[in-house]
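Computed from a predicted model, the values in this text were never measured in an experiment. Each chain gets a letter, A, B and so on, in the order the sequences are listed, and its residues count up from 1.
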Amino acid sequence: MLDIDPSVLLPDLGKALWETGLMSGISLVTALLLGLPLGFLLHLTRRGQLLQNRPLNLLVGALINFVRSLPYVILLILVLPLAGILTGTTTGPISASVSLSVACIVFYARLVEVSLSEVDRGVVEAAISTGASHWLVVREVLLPEAFPGLVRGFTVTAISLIGYSAMAGVVGGGGVGFLAINYGYYRYETGVMLVTVAVLVLIVQAIQGIGDRAAARIERFR
Amino acid sequence: MLRLKDIRVEFPGKSGSVQAVRGASLEVGDGEVYGIVGTSGAGKSTLLRTANLLTRPTAGEVWLDGTELTALPERELRAQRRRIGMVFQHFNLASSRTVHDNVALPLRAAGVPEATIRQRVPELLSLVGLSDKEFAKPGKLSGGQKQRVGIARALSTEPSVLLCDEPTSALDLESTEAILDLLTEVNRRLGVTILAISHELSVIKRLCHRVAVMTEGEIVEENAVYDLFSRPQHQFTKELVERSLDLELPERVRANSPGTLLRLVYLGENAETPILSQAVRELGVHINILHGHIEYIDDRPLGVLVVALEGTDAALTRTIIFLKGRVARLEVLRHA
């Protein structure tokens with residue numbers, strides 16, 4: 001039962017790894033490009049912050065909460081039409097990246113907001129008192145001060161993403177999670193499942209390890 | 001000149017709004033060092049923060065020279081803020097940036113070219129005595145050194161006014177002295193006007209020319225520092241001064257000293273004339289000095305003595321009348 005045929009497994013695993021990498025890469029880049037600014041917007045529009053704007057803050061917050069309260073599988077299906085428009089297809093890793101990106105953007109935005117709110121308010125005030133523009137306060141104070149937290153949040157996002165991407169596999173996204181479910185679970189090839197799970201464990205460990213090191217390194221230079 | 005006019009600050013609280021400042025006004029002349037003293041929660045920090053509009057007053061006006069800051073749009077306010085430096089109790093340095101970057105921040109905000117900044121930052125650091133720490137991170141500095149960085153940052157745009165929010169309250173005694181000396185030097189050498197707040201009268205005494213006493217959101221008394229110490233008017237000020245001069249007589253000494261107990265306050269020249277020995281010689285009383293303290297504020301002496309008088313009733317009365325005419329204030333603590 002635990003027979004593993006490497007000549008069958010290896011090409012499939014290679015393809016699955018590539019697909020997982022592709023989905024994760026696209027989603028993480030969009031999380032960074034859109035989730036980071038969204039997190040800043042959430043933080044800066046809060047009461048007492050630079051761009052204090054309660055209606056906007058409530059609106060963005062509610063929107064993020066709405067997306068985050070959907071189980072990922074449901075989000076995946078809801079976003080399928082959008083994925084079709086954006087990528088021209090509703091199957092494959094590129095298409096799956098759309099829903100993964102949406103999930104990552106809102107997830108990371110909240111983590112960014114938390115990191116920013118932990119920045120010492122006094123330091124921001126000191127910058128404001130020098131007559132710095134909002135942009136300069138963000139660039140010279142908020143961003144560098146929150147940087148280790150932003151890196152840690154990004155690590156957490158990447159790891160959750162690996163979990164989500166397995167679900168994306170169910171609807172034809174492919175990837176390592178898909179391999180584990182289809183070969184290991186549906187076809188009762190426990191060996192394949194164990195190998196893929198082991199690969200997933202290694203990926204998660206590696207991401208956490210790299211993220212922790214990066215954050216620790218940044219903090220050490222203070 | 002910095003002028004705060006009828007400043008009111010209200011904060012929304014759980015049960016209605018909290019009035020942190022209830023109509024305070026003050027004027028700080030060019031080159032002056034002005035202090036605000038009060039207990040924590042008196043609203044002095046809030047009042048100070050209205051001077052550069054870190055806190056916007058609910059009502060009232062802030063004027064810097066001929067400009068009303070409270071009437072300016074955000075963009076012009078930023079330009080005016082470059083003329084007002086601020087030093088904080090907890091330094092508020094960006095821990096992720098070097099000393100250089102922290103000091104450079106106001107210059108970058110003012111759009112000064114990087115080449116000029118590279119030249120200006122070392123000058124500022126040498127002014128505050130931290131030349132060797134330019135590329136250190138604040139985490140590696142002591143509290144006193146951090147405050148020096150804070151002062152260098154506040155001075156980098158050559159402001160005409162420096163706001164100091166409890167500048168020494170997070171420092172040990174030695175650093176406190178050094179920072180107060182530095183601020184005094186900044187005022188004398190650069191002519192920077194200083195508005196400082198502190199809960200410690202000793203800090204105000206060392207640093208300031210004029211002082212306002214604040215309690216419960218209001219300025220209850222304002223005077224030159226020497227006059228505030230020598231002639232406190234408001235009850236709250238009297239208690240502050242008393243505590244600062246530390247003239248509590250130990251109970252044992254009080255009980256064991258016979259005679260009439262007097263507290264004498266001397267000012268100016270008569271602190272230097274031998275009034276007591278004259279009384280002993282000419283009026284036939286014995287005088288025992290139980291407690292004494294002379295300090296020099298602005299180079300003017302302020303002396304406080306607690307003495308016990310012994311003698312006949314007539315001699316005691318004569319002595320008290322004699323002393324009353326020669327000291328600034330006489331209080332009978334206990335009759336014989």
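Only the side chain of Glu74(B) comes within contact range of chain A, with heavy atoms under 4.5 Å apart. For Ile84(B), the part lying near chain A is the backbone, with the side chain staying farther off; criterion is any non-hydrogen pair under 4.5 Å. Only the backbone of Leu93(B) comes within less than 4.5 Å of a heavy atom in chain A; its side chain stays farther off. Neither the backbone nor the side chain of Arg75(B) comes within contact range of chain A; no heavy atoms are under 4.5 Å apart.
In terms of heavy-atom pairs under 4.5 angstrom with chain B, the leader among Ile128(A), Val119(A), Asp120(A) is Ile128(A). Residue with the most contacts toward chain A among Leu54(B), Leu53(B), Thr157(B): Leu54(B) (heavy-atom pairs, distance under 4.5 Å). With respect to chain B, the highest number of heavy-atom pairs below 4.5 Å among Ala132(A), Ser133(A), Ser129(A) belongs to Ser129(A).
The residues Glu219(A) and Arg152(A) are annotated as salt-bridged, a charged nitrogen and a carboxylate oxygen being separated by less than 4.0 angstrom. Using a cutoff of 4.0 Å between basic side-chain nitrogens and carboxylate oxygens, Arg49(B) and Glu125(A) are scored as salt-bridged. In this structure, Arg46(A) pairs ionically with Glu113(A), as a charged nitrogen and a carboxylate oxygen lie closer than 4.0 Å. At a threshold of 4.0 Å, the pair Asp101(B)-Arg108(B) counts as salt-bridged, since one of the basic side-chain nitrogens sits closer than that to a carboxylate oxygen. Salt-bridge annotation for Arg82(B) and Glu158(B): absent, with no side-chain N of the basic residue lying under 4.0 Å from a carboxylate O of the acidic one.
Between Tyr72(A) and Tyr164(A), the ring-plane angle classifies as parallel under the 30° and 60° cut-offs.
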